[in-house]
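Within every chain, numbering begins at 1; the chains are lettered A, B, ... in the order of the sequence lines, protein sequences first and strands thereafter.
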Amino acid sequence: MIDEKLVQLLTPEGERISHPQYESSLSGDEILGFYRDMVIVRRLCNESTSLQRQGQLALWAPVQGQEGAQIGAGRALAPMDFTFPSYREHGVAWCRGVPPEDMLRIFRAVTTGGWDPQKYRHSVPTVVLGNQALHAVGYAMGVQRDGAEEAVMTFFGDGASSQGDVLESFVWAASFNAPVVFFCQNNQWGISTPSTLQSKVPLYRRAPGFGFPGIRVDGNDVLAVYEVTKRALDNARTGNGPTLIEAYTYRMGAHTTSDDPTRYRVDAEVEVWKHRDPIERVKALLAREYRVKGSTFDEVTAEADLMALKLRDDVLAMGPPDPISMFENVYADVHPLIEEGRREMIELGISGGAH
Amino acid sequence: MIDEKLVQLLTPEGERISHPQYESSLSGDEILGFYRDMVIVRRLCNESTSLQRQGQLALWAPVQGQEGAQIGAGRALAPMDFTFPSYREHGVAWCRGVPPEDMLRIFRAVTTGGWDPQKYRHSVPTVVLGNQALHAVGYAMGVQRDGAEEAVMTFFGDGASSQGDVLESFVWAASFNAPVVFFCQNNQWGISTPSTLQSKVPLYRRAPGFGFPGIRVDGNDVLAVYEVTKRALDNARTGNGPTLIEAYTYRMGAHTTSDDPTRYRVDAEVEVWKHRDPIERVKALLAREYRVKGSTFDEVTAEADLMALKLRDDVLAMGPPDPISMFENVYADVHPLIEEGRREMIELGISGGAH
Amino acid sequence: MATTSMTMAKALNEGLRRALEKDKKVLLMGEDIGKLGGVFRITDGLQKDFGEDRVIDAPLAESAIVGTAVGLAIRGYRTVCEIQFDGFVYPAFDQIVSQVAKLHKRSDGVYTMGLVIRLPFQGGIGAIEHHSESPEAYFAQTAGLRVVSCSTPNDAYWMIQQAVEHDDPIIFCEPKSRYWEKGEVDLDQPPHGLFDSVVRRSGSDVTVIGYGSSVKTILRAADTAKSEGYSLEVIDARTLAPLDLGPMIASVQKTGRLVVVQEAPNTASLGSELIATLSERCFYSMRAPGLRVSGYHVPYPPSRIEDAYRPSVDRILDAVDRVMGYES
Amino acid sequence: MATTSMTMAKALNEGLRRALEKDKKVLLMGEDIGKLGGVFRITDGLQKDFGEDRVIDAPLAESAIVGTAVGLAIRGYRTVCEIQFDGFVYPAFDQIVSQVAKLHKRSDGVYTMGLVIRLPFQGGIGAIEHHSESPEAYFAQTAGLRVVSCSTPNDAYWMIQQAVEHDDPIIFCEPKSRYWEKGEVDLDQPPHGLFDSVVRRSGSDVTVIGYGSSVKTILRAADTAKSEGYSLEVIDARTLAPLDLGPMIASVQKTGRLVVVQEAPNTASLGSELIATLSERCFYSMRAPGLRVSGYHVPYPPSRIEDAYRPSVDRILDAVDRVMGYES
Ligand SMILES: Cc1ncc(C[n+]2csc(CCOP(=O)(O)OP(=O)(O)O)c2C)c(N)n1
Ligand SMILES: Cc1ncc(C[n+]2csc(CCOP(=O)(O)OP(=O)(O)O)c2C)c(N)n1
Ligand SMILES: [Mg+2]
Ligand SMILES: [Mg+2]
């Protein structure tokens, strides 16, 4: 199942292994930082799942199991890089500085976006599978025209990899040698569809046929993901073109809180992947190699709990927007149908029209 | 420019060369048959070009230079195979038995189709780039469900290879192991767009990334095209899945009669390719190896001329259809708006309503 | 008449089951429709009973779902494509408009495009973006297609079967917010033809036309209107393309007043079409202009405020008041 | 007022040249727009003068043309996408409807989707299938987009510049059959705002509204009508979304009669929209129902018979006769 070409720097047991092309450049403090990120993101995910169960969110898309892939990729980014996520990149959003409560706005169904994409240099969520891959290539073409040393990264899943838009984005990235990194999280599933239906061969192998390199990395090994992504981003920034990274990982939870994975996959599979947990292996490494103490881990947990408490408060405080806000920012300029709608809504007494 | 992996069995000078995987299985008579096909198709093309210049056709899409690719592919088909062309596959249509005058109906602008696709097992022209590749895969999925030993082949160009539909068709063909052959004529140009903009690496290399073999053949070598296609079709029929064939060839004429290639390519390039003419090299082979006489070649030319004469007559006889025919076959069942339109047209005296 | 009570979701499931039983050439194809039974469970159990070759789990690409269904149609199969949500039909738009709608014509009638594209449409389920759209007018506009919408379990059960049997391509719009509502289903015979509009309630003052999820809202409005002294005639359009104008013309000639209800925004909508056409056909009867109660001209809003976007009983009654307010 | 005579094709070319000169962030992108200058030569010479980085030859994939233009917009560029022919816009439909139309909203106004999608539309040039379509209503329906159409070289020259400068995404419909007709272009100042409808000819009996290629046909019909004693007021809609209702309402209130001309089929079209809306706004003035003169409900026919499909002077006059025939 696992390709021998998988880049791995840390075994599931938390032991370092060497790789001919990549070695970890991270200090103990940095690794501890990644550990902290992953713990917080998992906590965020768990809190959101319970918020959803309690009726406080309309939906939640769990990221559990993919923290290694997302933190490794997210931390490899430079501040000026720009990222185009799909809907499950909570870990990447965290690295970009998006406040957790902003990530949850869309799931509380009070907005279709949630954060200022220019401020965090992290685009708004894209729900239509694959659309964002073309935006990333276009943005990267803009970076080229500006002569800037910036990279662009876009995220999509194994399922989305079948969409025409993703495949066309490969053609374009190659044609224009765009400074873009395609980060595909192969979490084995697209809702109930196994990734083996999307491709009989590992997904990273698609890239060479389009004229740029593809690489498969153990997505549950944050050290490896970090190094692989960093190099790919460097290549992009220095005019060496696009890379496709396939982060081989696993969606440990349901597709979303509306999903029922028991219908299509067996518990045993999930069990196997529990042993490959991205957080545990880093913890083992930190404990053994860097002598990080239990109390330090406890502090991280406490910090995550605090974040969760605040998140809960923030979410509960998010009331529904005034309905009249639906007319805002549809157009940049005045538009008669917007005015008409606004007027009607006020006349009907649905909104006071404060907006 | 030419990949070393290009399958070739006949040099541009008409000399046989050997290839580790493929050898020609054709008799002299069969080769003469291919020669005849190519001469007739070129004659058809020239006649159509002059018909267009004389205002008798609205448009013509020349096939000159691609006869080797199309006859090689077309003759490799078994009668029960089914083909999905784009708009330039006059040579394939010829092999499928489509009467030349039927090929010209669309160009005389009297229909959007032209022939009975079930009768010739050759689908109607597809103008929207790449759409037909998915039809081919779907049809092939039907063949699988019928348990039939038939293959499906679809044709598209180097330009169309960038379209999402073509790329999605690769995903699907691999997923379902569909009995389909993708025949890409890389004629170097998509109108004014060089094929190098569509891909920095040879197009056939896309296939392995999707999980099936790709192969590049000298598209101007009808012997090689025949063998390569035959094997790919055999693989499809026997459950061995799809193949992408890239026939490396050249569009010697304009994109269509509306095009002006002097704006974007130099004469010298066309000159180079004249030396690789698919017809000349077979003629040389026939003359030298099979001692085919000048009189035989003359007979073929005479036959082609005759065909052209008949074609001209047929085209000139094609009057515009009764306008009311636009209401036919829009729906299989009765439809009030069709009835309404028909009524209006008769009332306006635009049609007698004979249809 | 033996009827059984079931939800619309179940009725569609049973209808598809019967279609699969009746004709071996019928296939289902879509994302997650196998083991999962589709995200709405419309195909629940069908892959188990009819096999993976007939109930096909598709890779995630809508253009390919429709494009391969076209190829299957050419081979003689009848494929029911499930598009997971309305907002995900657009990647397939090219295949639908350029191929599905035109191949019967292009092949001079040789190809039969007997395929069905099932679209769970309209909002009202508290979903995130792209899951609540009303794209029906895009398809109604397109010559070569037919568009229908069911509003009751009985219609759902029969219309899906009628659609599968029909030789033209059909966009089958399912009001997802009504999937879980129960109704009586007559398993013996269809209540109406596939292309019939139906008067759901007779009245004399105003003709109110809707389809899909709006029908129930209109019926509730009619109840309230009654208590306010207005009698509404409620028509379920059912077939959006072609429109079944007969019952509508008869109704507007009687009432002289017309309101159309839809979740789609106004511009160039089914509502525009109905008003333009009925204003022409019933010119001398119209005592007030035809009015539309529609979604607003904005992207479908976040679902916490979707109720303010979707036509409500109040907004329908407001329109009724307005048409009643015209002097005649 | 210094005016120069030029074709619409040349006017668009000059307009784009000025847009490129004025703002370094303006880019052009499309298939064959470089050395070839586009199949209609609208971009002739522009790549030579502004370089391959600003006038970008695209690989052949429309979804990618629009999708990358979105990314470029996010980066602060203004891309004018050329879609080679109307019938090839559908592969980009998803990006247009789901992204171009919605990203300004989704980003809470942070992203500006200032891009233009140029569509050579309508028929009349004797082309093969997919080269003569009228898809404007698909876009007019879609909240978040704007749709305009030019009918004269002067409008073409100015409207393309106004569209490029505008911050909302604009579908720019060019009547390809008029590309080669000449007209006076005022190089100094625009005749109208981008979102203004214009009365091209005043009259008193019937208001006839059209856009793109139809405007000239309507003007010809007005000439003939005059000789038959009818006075037509001709309005060039110019902006299809939003509609500029002011001049239309004023006109219909004056004439009491309305005919809309379009090459698109009737169903849920701009014509339906205009009739539904103007019937409402001008209810008491309407002396006859609004009528549409449209393409038929069939795929665009082979061009040898396209004249029977497209609205002709005769068909317009027939509609005029019909609205004049109503008792009032
Ligand atoms: C075009 C489109 N089709 C269908 C969907 C519905 N859908 C949402 S998520 C999903 C599965 C995606 O799988 P994958 O790309 O592997 O991402 P993952 O959810 O595993 O992160 C599907 C089918 C969609 N969002 N967009
Ligand atoms: C979707 C789509 N976009 C654009 C066009 C216009 N067009 C027609 S042919 C062509 C070039 C195609 O090149 P290629 O695929 O290499 O085929 P060739 O013409 O060389 O045979 C283009 C851009 C089209 N037909 N369909
Ligand atoms: Mg996945
Ligand atoms: Mg080509």
Side-chain angles (χ1 to χ4, degrees), chain B residues 82 84 106 111-119 123-128 130-146 148 150 152 154 163-165 167-169 171-176 178 180 325-341, chain C residues 24-25 27 29 51 53-54 56-77 79 91-92 94-95 97-115 143-146 166-169 194-195 239 241-246:
Chain B
F82 205 98
F84 288 87
I106 185 173
T111 177
T112 52
W115 57 85
D116 179 337
Q118 295 287 12
K119 177 169 172 194
S123 197
V124 282
T126 301
V127 172
V128 182
N131 281 178
Q132 73 277 14
L134 287 169
H135 305 167
V137 174
Y139 190 97
M141 290 166 70
V143 169
Q144 286 179 310
R145 276 155 187 75
D146 293 343
E150 298 166 26
V152 185
T154 182
Q163 288 280 356
D165 271 16
L167 298 164
E168 289 185 5
S169 77
V171 174
W172 282 58
S175 268
F176 296 105
V180 66
S325 65
M326 71 176 74
F327 298 107
E328 277 166 28
N329 294 318
V330 176
Y331 292 96
D333 199 2
V334 287
H335 191 291
L337 295 179
I338 296 295
E339 295 319 312
E340 187 184 302
Chain C
K24 284 211 154 13
K25 292 288 186 184
L27 308 175
M29 180 156 56
D53 270 1
R54 295 192 64 199
I56 307 170
D57 268 318
L60 308 191
E62 286 76 9
S63 189
I65 291 174
V66 174
T68 56
V70 167
L72 281 159
I74 294 174
R75 182 72 187 187
Y77 285 86
T79 309
D94 179 41
Q95 282 285 348
V97 168
S98 303
Q99 302 301 332
V100 173
K102 298 190 171 84
L103 266 168
H104 184 62
K105 175 73 187 170
R106 194 179 303 136
S107 68
D108 259 324
V110 171
Y111 291 160
T112 296
M113 286 291 116
L115 57 93
L145 303 177
R146 294 176 187 259
H166 196 85
D167 279 343
D168 287 320
L194 182 56
F195 301 109
T239 166
L243 291 164
D244 182 21
L245 293 173

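Comparing C:Gly109, C:Ser107, C:Gly71, C:Gly114 by how many heavy-atom pairs each has under 4.5 Å with chain B, the most go to C:Gly71. Annotation: maximal heavy-atom pairing with chain C below 4.5 Å, among B:Leu337, B:Thr111, B:Asp116, B:Ile106, occurs at B:Asp116. Each of B:Pro117, B:Gly138, B:Ser123 has some count of heavy-atom pairs under 4.5 Å with chain C, and the biggest count is that of B:Gly138. Comparing B:Met326, B:Lys119, B:Gln144 by how many heavy-atom pairs each has under 4.5 Å with chain C, the most go to B:Met326. For the set C:Asp244, C:Asp53, C:Val70, C:Asp108, the count of heavy-atom pairs under 4.5 angstrom toward chain B peaks at C:Asp53. Between chain B and the options C:Gly76, C:Ala61, C:Gly144, heavy-atom pairs under 4.5 Å are most frequent for C:Gly144. Chosen from B:Gly142, B:Gly113, B:Pro125, B:Gly114, the residue pairing most often with chain C at heavy-atom distances under 4.5 Å is B:Gly142.
There is no contact between C:Lys102 and chain B, counting heavy-atom distances below 4.5 Å. In this structure, chain C has no heavy atom under 4.5 Å from any part of B:Val152. Residue contact with chain B, scored on non-hydrogen atoms closer than 4.5 Å, involves the side chain of C:Tyr111 exclusively. No part of B:Ala173 comes within reach of chain C, as not one of its non-hydrogen atoms sits under 4.5 angstrom from that chain. Only the side chain of C:Leu103 comes within less than 4.5 Å of a heavy atom in chain B; its backbone stays farther off. Contacts of C:Met29 with chain B are made by side-chain atoms alone, with heavy-atom separations under 4.5 Å and no backbone atom involved. For chain C, the nearby part of B:Thr126 is the side chain; its heavy atoms alone come within less than 4.5 Å. C:Thr112 does not touch chain B: none of its heavy atoms, backbone or side chain, sits under 4.5 Å away. Neither the backbone nor the side chain of C:Ala69 comes within contact range of chain B; no heavy atoms are under 4.5 Å apart. No part of C:Ala73 comes within reach of chain B, as not one of its non-hydrogen atoms sits under 4.5 angstrom from that chain. Only the side chain of B:Ser175 has a heavy atom closer than 4.5 Å to any heavy atom of chain C. Residue B:Glu150 touches chain C through its side chain alone, counting heavy-atom pairs closer than 4.5 Å. Interface residue B:Val171: only side-chain heavy atoms are found under 4.5 Å from chain C.
No donor-acceptor distance shorter than 3.5 angstrom exists from the side chain of B:Tyr331 to the backbone of C:Pro169, with no hydrogens or angles considered. Checking side-chain atoms of C:Arg75 against main-chain N and O of B:Met141 turns up no donor-acceptor pair under 3.5 Å. A donor-acceptor pair is defined here as one N or O able to donate and one able to accept, closer than 3.5 Å; such a pair exists between the side chain of B:Gln118 and the backbone of C:Ile74.
Between C:Ile56 and B:Arg145, some side-chain heavy-atom pair lies under the 4.5 Å cut-off. The shortest side-chain heavy-atom distance between C:Leu245 and B:Pro336 does not fall under the 4.5 Å cut-off. Here the side chains of C:Tyr77 and B:Asp146 are in contact, with some heavy-atom distance below 4.5 Å.
Rounding to the nearest 0.5 Å places CG of C:Asp167 at 7.5 Å from CG of B:Asp333. Residue B:His135 holds its NE2 atom at 3.5 Å from CD of C:Gln95, rounded to the nearest 0.5 Å. Expressed to the nearest 0.5 Å, how far NZ of C:Lys105 lies from CZ of B:Phe327 amounts to 9.0 Å.
Scanning both residues, B:Val334 and C:Arg146, for their nearest heavy atoms gives O-NH2, 2.9 Å. Scanning all heavy atoms of the two residues, the minimum distance from B:Ala332 to C:Asp168 falls at N-OD1, 2.6 Å. Nearest heavy atom pair, residue C:Ser98 against residue B:Asn131, reads CB-OD1, 3.9 Å. In terms of heavy-atom proximity, C:Ala64 sits nearest to B:Glu168 at N-OE1, 3.0 Å.
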Evaluate side chain to side chain contact (heavy atoms under 4.5 Å, CB included) for C:Ile65 paired with B:Trp172, printing each intermediate quantity in order. CA-CA 9 Å; C:Ile65 291 174; B:Trp172 282 58; 3.6 Å; yes
Quick one, B:Asn329 with C:Arg106, criterion side chain to side chain contact (heavy atoms under 4.5 Å, CB included). Give me CA distance, side-chain angles, the key distance, then yes/no. CA-CA 8 Å; B:Asn329 294 318; C:Arg106 194 179 303 136; over 6 Å; no
